[in-house]
Asker: 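Once you've had a glance at the structure underneath, I'll fire off some questions.
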2 protein chains.
Amino acid sequence: METLQLTSSDWTTLLGSRFFVRLPRSTVEAILEETRLSTYEEHDVLFHQGDSIGDVFFVLSGLIRLYRVGKDRREADVAVLSKGEMFAENAIYLGRATASAEAAEASVIARIDSSKLRKIAAADPDVAQAFIEHLCHRGKMTEDMLAQDRLLTATQRVASYILSHCPNGTNTSFSFRLPFQKNILAGKLGVAPEALSRAFSTLRQSGVIVKGRMIEIHDRHALERF
Amino acid sequence: METLQLTSSDWTTLLGSRFFVRLPRSTVEAILEETRLSTYEEHDVLFHQGDSIGDVFFVLSGLIRLYRVGKDRREADVAVLSKGEMFAENAIYLGRATASAEAAEASVIARIDSSKLRKIAAADPDVAQAFIEHLCHRGKMTEDMLAQDRLLTATQRVASYILSHCPNGTNTSFSFRLPFQKNILAGKLGVAPEALSRAFSTLRQSGVIVKGRMIEIHDRHALERF
DNA sequence: CGATCGCTTGAGTAGGATCAACAAGAGTGG
DNA sequence: CCACTCTTGTTGATCCTACTCAAGCGATCG
């Protein structure tokens, strides 16, 4: 399903996104000139690991899961991307997608021709710089996930995830809404859904209340002690 | 310990390294103009996670372990780097080191001032491009590690590591030497040293012979079946 | 020749995956 | 508004992987 026009809300999303936010408006417009929009339903697959990709993708709305597939079809998420995030960017230089991508919920995606973006980046140092910063950030994210997998138990990872959603100096209680299904969160954290559920149970004793997608934290310090 | 001059073998290392290999000689010389060399003994720490780093590093010889530290001082490797590899590159743009670095064996390291390199990258699209390619490659490495951790058992990871050292079309038997201690390999693969040892034991039944640092593979297909 | 280091092997245990049953919503259609 | 169904999340029981701690082995080195 292809729609033609970027809505004005799409523009605010893109202009505020990590990749574009520091670039001058004219540059952004040049890059987005021939953008194509695609919409996907939940579980639609955008591409498979190893596919050669001609585009770079931006999430305008919805949620995209990047994952690798092992033998016996098991899947492991390597990233979960939401509004404003760019992905499949390294296909530009590596030639092929390093992971598969599927919509974790109904999503709208902007596609930009890779070779065009590569050319612009080669000509405009600011774009190259934005690219570099994006890759640094993404690299750090992946490194974070790897380190968490290796250093923390499932419950600790969940606690750490919750803490990462508390504003800096939260001493009193605080609550927020999970941005996606628990299923997806489990995948992102690299645990089975059942393990996530049990982790929430455990954390209940430390002042975490979970109702549907709402999370309430009453004792931040108890979480950090985990 | 600071030595002053890049030896000619250092030059071949650098010129052949992933980062420099596509750049014109003159550019490389410009970047390396004020390089400082440092030597480290095994277990020397180059920097700690969170330090603000003023340099980008190149391994000229030896082995550097990049790791994160969790509470109770447990360490998790996020990368192991050998001759010709660049690291701490994202400190340029993120400001701080995302991981600690220590010499896993006696090592010689070249340091380049970050701000200088950043300036050159901003002015020379080829350098920016090299940077981008480096980051893509590094990102893929980390993603690989993450996916392997989540999809494979310890034994499978070891098998996969061994296979990655076999040339493409190896049908007959093949042997190679581990580039570092088993200890280090265990860290890199994210398993306890004991688990690595046991994995080798298991693989022995599939035609893998381990003597010291020498690995012999007799039945590549048996490994792939794991 | 002890001594240290690197590695292996053994036994016990904890964390988490898996399978299965069940509860609780969220739609859907009457 | 209520049954019915489908999806999503929880809980329980079992099993398996891999970590931990401890001991043993084999080299290499002073």
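Because the structure is a prediction, the values reported are computed rather than measured. Numbered from 1 within each chain, the chains take letters A, B, ... in sequence-line order.
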Asker: Check each residue of residues 150-159 of chain A for a non-hydrogen atom within less than 4.0 Å of any atom in DNA chain D, then write out the ones that pass by number, or none.
Answerer: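 DNA chain D contact set from residues 150-159 of chain A: none.
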
Asker: Between side-chain atoms of residues 8-19 of chain B and protein atoms elsewhere (two or more places apart, or another chain), which donor-acceptor pairs fall under 3.5 Å?
Answerer:
| from | atom 1 | to | atom 2 | distance (Å) |
| --- | --- | --- | --- | --- |
| B:D10 | OD1 | B:T7 | OG1 | 3.4 |
| B:D10 | OD2 | B:T7 | N | 3.1 |
| B:D10 | OD2 | B:T7 | OG1 | 3.3 |
| B:T12 | OG1 | B:S8 | O | 3.3 |
| B:T12 | OG1 | B:S9 | O | 2.7 |
| B:T13 | OG1 | B:S9 | O | 2.9 |
| B:S17 | OG | B:L14 | O | 2.8 |
| B:S17 | OG | B:F20 | N | 3.4 |
| B:R18 | NE | B:H137 | ND1 | 3.4 |
| B:R18 | NH2 | B:H137 | NE2 | 3.1 |

Asker: Atom CG of A:D149 and atom C1' of C:dG16: how far apart are they, to the nearest Å?
Answerer: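 Value for this atom pair: 13 Å.
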
Asker: Give, for atom CG of B:L117 and atom CZ of B:R111, the distance between the pair rounded to the nearest 0.5 Å.
Answerer: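 Between B:L117 CG and B:R111 CZ, I get 14.5 Å after rounding to 0.5 Å.
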
Asker: Looking at B:D144 and A:R68, does any basic side-chain N land under 4.0 Å from a carboxylate oxygen?
Answerer: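 Looking at B:D144 and A:R68, the cut-off is met.
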
Asker: Could you tell me which residues satisfy salt bridge (Lys or Arg N to Asp or Glu O under 4.0 Å) with A:R150, sequence neighbours excluded, listed by chain and number?
Answerer: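 Partners of A:R150 by the salt bridge (Lys or Arg N to Asp or Glu O under 4.0 Å) criterion, ordered by chain and then number, come out as B:D149.
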
Asker: From A:E105 CD over to A:I64 CD1, what is the distance, rounded to the nearest 0.5 angstrom?
Answerer: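 Rounded to the nearest 0.5 Å, the CD-CD1 separation comes to 9.0 Å.
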
Asker: Measure the shortest side-chain to side-chain distance between A:E89 and B:L135 over non-hydrogen atoms and say whether it is less than 4.5 angstrom.
Answerer: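 Sidechains of B:L135 and A:E89: no contact.
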
Asker: Identify all side-chain donor-acceptor contacts of residues 191-205 of chain A below 3.5 Å with residues at least two apart in sequence or on another chain.
Answerer:
| from | atom 1 | to | atom 2 | distance (Å) |
| --- | --- | --- | --- | --- |
| A:T202 | OG1 | A:R198 | O | 3.0 |

Asker: For nucleotides 26-30 of chain D, tabulate all protein N/O to nucleotide N/O atom pairs closer than 3.5 Å, reporting atom names and distance.
Answerer:
none

Asker: Rounded at 0.5 Å granularity, tell me how far OG in B:S160 sits from CD in B:E224.
Answerer: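 Going from OG on B:S160 over to CD on B:E224, the span is 10.5 Å.
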
Asker: Counting primed atoms plus P, OP1 and OP2 as sugar-phosphate and everything else as base, spell out the protein contacts along nucleotides 6-11 of chain C at 4.0 Å heavy-atom distance: B, S or - for each nucleotide, 5' to 3'.
Answerer: SSBBBB

Asker: Enter the inter-axis angle for the ends of the helix from C:dC1-D:dG30 to C:dG30-D:dC1 (five pairs per end, rounded to 10°).
Answerer: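 If I round to tens, the end axes sit 30° apart.
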
Asker: Taking all atoms of both residues into account, what is the closest heavy-atom pair of B:L152 and B:Q156, and its distance?
Answerer: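 Distance-wise, the nearest heavy atoms are CA-OE1, 3.2 Å.
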
Asker: B:K188: which residues meet the side-chain hydrogen bond (donor to acceptor under 3.5 Å, both in side chains) condition with it, sequence neighbours left out?
Answerer: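 Listed in chain order: nothing, the list is empty.
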
Asker: So which atom in A:V69 and which in A:S100 form the shortest heavy-atom distance, rounded to 0.1 Å?
Answerer: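 Closest approach of A:V69 to A:S100: CG2-OG, 4.4 Å.
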
Asker: With B:H165, which residues qualify under ring pair (Phe, Tyr, Trp, His ring centres under 6.0 Å), at least two apart?
Answerer: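 Checked B:H165 against ring pair (Phe, Tyr, Trp, His ring centres under 6.0 Å); matches are B:Y161, B:F176.
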
Asker: Just the rounded figure in Å: distance from P of D:dT10 to CG of A:L203.
Answerer: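 Whole-Å distance recorded here is 12 Å.
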
Asker: Could you list by number each residue of residues 68-76 of chain A showing a heavy-atom separation from DNA chain C of less than 4.0 Å, or answer none if no residue does?
Answerer: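 DNA chain C contact set from residues 68-76 of chain A: A:R74.
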
Asker: Could you tell me which residues satisfy salt bridge (Lys or Arg N to Asp or Glu O under 4.0 Å) with A:E75, sequence neighbours excluded, listed by chain and number?
Answerer: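 By the salt bridge (Lys or Arg N to Asp or Glu O under 4.0 Å) rule, A:E75 matches A:R65.
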
Asker: Quick check: does any side chain N or O of B:R157 sit under 3.5 Å from a backbone N or O of B:L189, one acting as donor and the other as acceptor?
Answerer: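 Yes, the answer is positive, given that a donor and an acceptor are paired below the 3.5 Å cut-off.
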
Asker: Partners of A:A97 by side-chain contact (heavy atoms from CB on, under 4.5 Å), sequence neighbours excluded?
Answerer: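 Checked A:A97 against side-chain contact (heavy atoms from CB on, under 4.5 Å); matches are A:F47, A:I53.
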
Asker: For A:L185 and D:dG9, what is the distance between atoms CG and C1' respectively, to the nearest whole Å?
Answerer: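 Going from A:L185 (CG) to D:dG9 (C1'), I get 13 Å.
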
